[in-house]
Each structure stands twice: as C-alpha cells, then as structure tokens.
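Here the structure is laid out as structure tokens; the discussion comes afterwards.
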Amino acid sequence: MSAVKCIGILTSGGDAPGMNAAIRAVTRSAIYNGMSVKGIYRGYKGLITDEIVDFKTQNVSNIIQRGGTILKTARCEEFKTPEGRKLAYDRLMEHGIDALVSIGGDGSLTGARIFAQEFNYPIVGLPGTIDNDLFGTDVTIGYDTALNTIMECVDKIRDTATSHDRLFFIEVMGRDAGFLALNGAIASGAEAAIIPEISMEKDQLAEMIETGFRKSKNSSIVLVAESEVTGGAMGVAERVKKEYPQFDVRVSILGHLQRGGSPTAQDRILATRMGVAAIDALLDDQRNVMMGIQNDEIVYVPFSKAIKNDKPINRDLLDTLRVSSI
C-alpha cells in the first residue's frame with residue numbers, strides 16, 4: 001500500500017489551456033483512491049505564503065472547459081533559494097501533504113526536481129506548456145489549443161494580407177522552440193516559418209526570399225518564433241524593409257492570445273489521462289517523474305531527462321512546409 005495519504009496540487013509558470021482539466025483529473029483520481037487533496041494557490045509561491053485549501057470533488061466541478069488555471073500561477077524567486085524551499089517544505093509538513101503534483105513547464109519541473117532531491121520528497125510532474133518543448137513527451141498540455149488559436153488568427157490575417165498584397169510576419173510564442181511556428185505554418189498554409197532551431201544554422205530569411213519566394217503569389221504570410229535567435233517578427237520585418245524594400249511589410253504579434261481560450265478535446269483528454277496517471281504513479285511509489293505521452297501510451301520520464309534534454313524538432317516537417325507552400 002502506498003504511503004501517500006494526502007497530495008498537494010499546484011500549477012506553476014505560464015498558464016496553459018488544459019491545466020484545469022488536469023487539476024480536475026488529479027483531484028478526482030486521488031479522492032477515488034482514498035486520498036485527501038489540498039489545492040495550493042499561486043504555485044510554489046503559495047506553498048511559501050501558505051495559500052493551501054482542502055479540495056473536494058465539487059471544487060473541480062465545471063472547470064474542464066475553462067482556460068487558464070483556477071489554482072492561479074505565479075513566478076517565485078524565493079523558491080529558487082534554499083531558505084525559500086525549506087519554508088515550502090515546512091508548510092507541506094504542517095498540512096500533512098505526503099506528495100506533490102506539479103503542473104507546469106520547464107522552470108516548474110526544474111524547481112520540482114531540486115526540491116525533491118533536497119528533501120527526498122515525492123513529486124510527480126505534468127507537462128503544462130503551450131510551447132511543447134519538454135523532452136520525453138510527444139505533446140504537452142495546452143499545445144494543441146494554442147496551435148488551433150494560431151491557425152484561427154492566421155486565417156483571419158490572411159483575409160487582410162490577400163486584400164492588400166502584403167507580406168505579413170506573424171510572431172508566435174516559443175522562446176526556444178519552433179513547434180508552434182512550424183506546425184502553425186503548416187496548418188494555416190503559411191509560406192514559411194522562421195524558428196530558433198534553424199536560425200543557428202543558416203539565414204532563413206535570405207534563403208526564403210532568394211528561392212523565388214512569392215513568384216506566384218500576391219500576399220504571403222510567414223510565422224516567426226519569438227526568440228532572441230530569430231529576432232522576432234519585428235527584427236525580421238526591419239531586415240526586410242532594409243534589404244528588400246520592394247515588399248509591403250506588416251507585423252502582427254499574437255502574444256497572450258495564444259495562451260487563453262477553452263481547451264480543445266485533445267488537450268482535455270490528454271490532461272485527464274495524465275492527471276489520472278499521476279496518481280497511479282504515486283500509488284506505484286514513483287517519484288521525481290514527469291508524465292509523458294509517447295505513441296499514445298502514458299510513460300514516466302525522469303525529471304532529469306525531461307529538463308536536461310532539448311526536444312528535437314522533426315526535420316521532415318520543414319520539408320513538408322517547403323513543398324506545400326510553393
């Protein structure tokens with residue numbers, strides 16, 4: 001029998017659609033298995049400031065369809081210090097919380113990993129980030145919804161681009177990863193995607209324009225990942241104005257639009273499966289693992305792997321985009 005009688009659940013870092021579905025699944029699965037549940041508000045910060053409440057089944061009623069996170073989220077500098085983590089640990093002990101489920105991205109899992117090691121404390125992570133940049137899982141919670149949002153926005157911008165014969169650079173999220181830009185470009189029929197993974201290797205803009213870009217088209221749309229490497233949409237547009245003044249250039253930055261909205265069926269199902277699996281993992285005495293999904297099967301990914309390894313972009317998708325946008 002597992003020693004875990006009471007679990008704490010928190011969301012940390014940037015919010016992602018589907019986090020509420022995950023909170024709901026974790027809470028109900030824990031209760032189903034005879035555990036008590038405490039909701040921790042504002043991520044690791046709430047652990048330190050003691051924003052911890054009992055969660056019952058009804059606390060998570062009617063939230064599966066909501067974007068954002070009912071538990072709120074916050075960045076927490078204090079948790080990055082040994083003193084802050086000790087405070088957090090004391091709070092967990094005060095409330096009798098035997099294990100933690102942390103839903104978030106790279107930074108959240110890094111914090112979880114350090115904390116788990118320092119105090120020999122069981123934590124299970126769920127990958128909640130629209131960037132899809134965690135290693136060991138085919139997709140992260142929130143990614144599918146963000147991709148659909150990008151597609152809808154680009155469809156609308158295309159109407160304007162076509163009416164005016166314009167070149168539109170649309171900036172999407174993904175500071176270090178081009179998944180949203182690349183798949184968003186394929187889904188919306190964009191002409192190209194400028195992503196950090198490739199910017200390291202070659203000048204994507206020059207290549208795009210020199211390969212007879214727009215020969216057969218009046219308007220064009222290019223998705224750009226927000227990144228220091230790519231320079232973002234503004235950086236790329238500035239270059240075009242200087243080097244290729246013949247183009248009528250416009251920039252659109254989608255920003256936080258991409259983070260919000262009701263999660264898609266895919267994200268709700270993924271979050272629910274992972275939430276239930278997180279409790280199974282704790283019952284199985286697993287610790288310091290992230291729930292992942294590979295080939296539609298739930299897998300356990302050690303924190304060390306999920307955080308340390310960069311998730312590779314599928315190079316075939318670049319060819320797919322190139323071929324389908326001529």
Side-chain angles (χ1 to χ4, degrees), residues 14 16-17 105-106 127 129-158 161 167-211 213-214 217 219-237 239-240 251-259 264 266-267 270 292-294 309-326:
D106 196 47
T129 165
I130 65 167
D131 292 348
N132 196 33
D133 59 351
L134 285 165
F135 183 86
T137 185
D138 293 344
V139 278
T140 57
I141 297 165
Y143 174 63
D144 186 63
T145 307
L147 206 46
N148 277 287
T149 301
I150 288 168
M151 179 182 75
E152 285 162 21
C153 291
V154 176
D155 287 351
K156 290 183 168 76
I157 290 169
R158 185 177 288 284
L167 167 53
F168 260 91
F169 289 109
I170 301 177
E171 182 172 295
V172 300
M173 284 181 166
R175 219 182 11 248
D176 307 304
F179 296 100
L180 285 172
L182 181 52
N183 283 305
I186 293 172
S188 58
E191 274 59 57
I194 295 183
I195 59 174
E197 290 90 337
I198 308 300
S199 283
M200 298 289 197
E201 299 164 18
K202 59 183 180 195
D203 185 343
Q204 289 169 277
L205 182 66
E207 184 186 63
M208 193 175 81
I209 289 176
E210 272 136 39
T211 49
F213 176 62
R214 298 183 77 196
K217 295 182 182 149
S219 67
S220 296
I221 287 181
V222 176
L223 266 56
V224 184
E226 54 154 17
S227 157
E228 285 169 18
V229 182
T230 62
M234 294 302 254
V236 176
R239 260 195 72 190
V240 173
V251 169
S252 206
I253 296 172
L254 299 186
H256 287 80
L257 267 178
Q258 300 160 78
R259 281 241 193 109
T264 57
Q266 198 165 337
D267 270 330
L270 177 68
I293 194 151
Q294 294 174 10
N309 298 339
D310 278 337
K311 182 167 173 180
I313 203 114
N314 180 347
R315 298 281 168 150
D316 295 347
L317 291 173
L318 289 162
D319 294 334
T320 303
L321 177 60
R322 205 166 30 241
V323 169
S324 61
S325 67
I326 59 161

| message | Within this structure, what is the CD-CD1 distance for the pair Glu152 and Ile157, rounded to the nearest 0.5 Å? | response | 12.0 Å

| Tell me, do Pro127 and Ile293 make a side-chain contact under 4.5 Å, heavy atoms counted? | no

| remark: Tightest non-hydrogen contact, residues Ala233 and Val224, listed as N-CG1, 3.8 Å

| task | Find out whether Asn132 and Val139 are in side-chain contact, i.e. whether some heavy atom of one side chain is under 4.5 Å from a heavy atom of the other. | result | yes

| task | Grab the two heavy atoms, one from Gly174 and one from Ala225, that are nearest each other, plus how far apart they are. | result | O-CB, 3.8 Å

| said: Once rounded to the nearest 0.5 Å, what's the spacing between atom CG of Asp267 and atom CG of Leu147? | reply: 10.0 Å

| message | Taking the side chain as everything from C-beta on, heavy atoms only, tell me whether Cys153 gets closer than 4.5 Å to Ile170. | response | no

| said: If I take atom OG from residue Ser220 and atom CZ from residue Phe168, how far apart are they, to the nearest 0.5 angstrom? | reply: 11.5 Å

| So do the side chains of Glu171 and Leu254 get within less than 4.5 Å of each other, counting heavy atoms only? | no

| request: For the residue pair Asp131 and Thr140, establish whether any side-chain heavy-atom pair is separated by less than 4.5 Å. | output: no

| Nearest heavy-atom pair of Val229 and Pro196: which atoms, and what distance? | CG1-O, 3.9 Å

| message | I'd like to know if Asp319 and Arg322 make a salt bridge, using a cut-off of under 4.0 Å between side-chain N and carboxylate O. | response | yes

| task | With rounding to the nearest 0.5 Å, note down the distance linking OG1 in Thr129 to CE in Met173. | result | 10.0 Å

| message | With a 6.0 Å cut-off (strictly less than), is the heavy-atom count around CD of Glu228, excluding the residue itself, greater than 12? | response | no

| request: Determine the minimum heavy-atom distance between Ile313 and Gly178, stating which atoms define it. | output: CD1-C, 3.7 Å

| query | Can you check whether Ile194 reaches Leu223 side chain to side chain, under 4.5 Å on heavy atoms? | reply | no

| query | Is a donor on one side and an acceptor on the other found under 3.5 Å between the side chain of Gln266 and the backbone of Asp144? | reply | no

| message | So, taking the atom named OH in Tyr143 and the one named OG1 in Thr264, what distance separates them when rounded to the nearest 0.5 Å? | response | 11.5 Å

| remark: CD of Glu197 to CG of Leu318, rounded to nearest 0.5 Å, is 8.5 Å

| field | Any donor-acceptor N/O pair, Lys311 side chain to Asp138 backbone, under 3.5 Å | value | yes

| field | Side-chain heavy atoms of Gln294 within contact of Thr137, under 4.5 Å | value | no

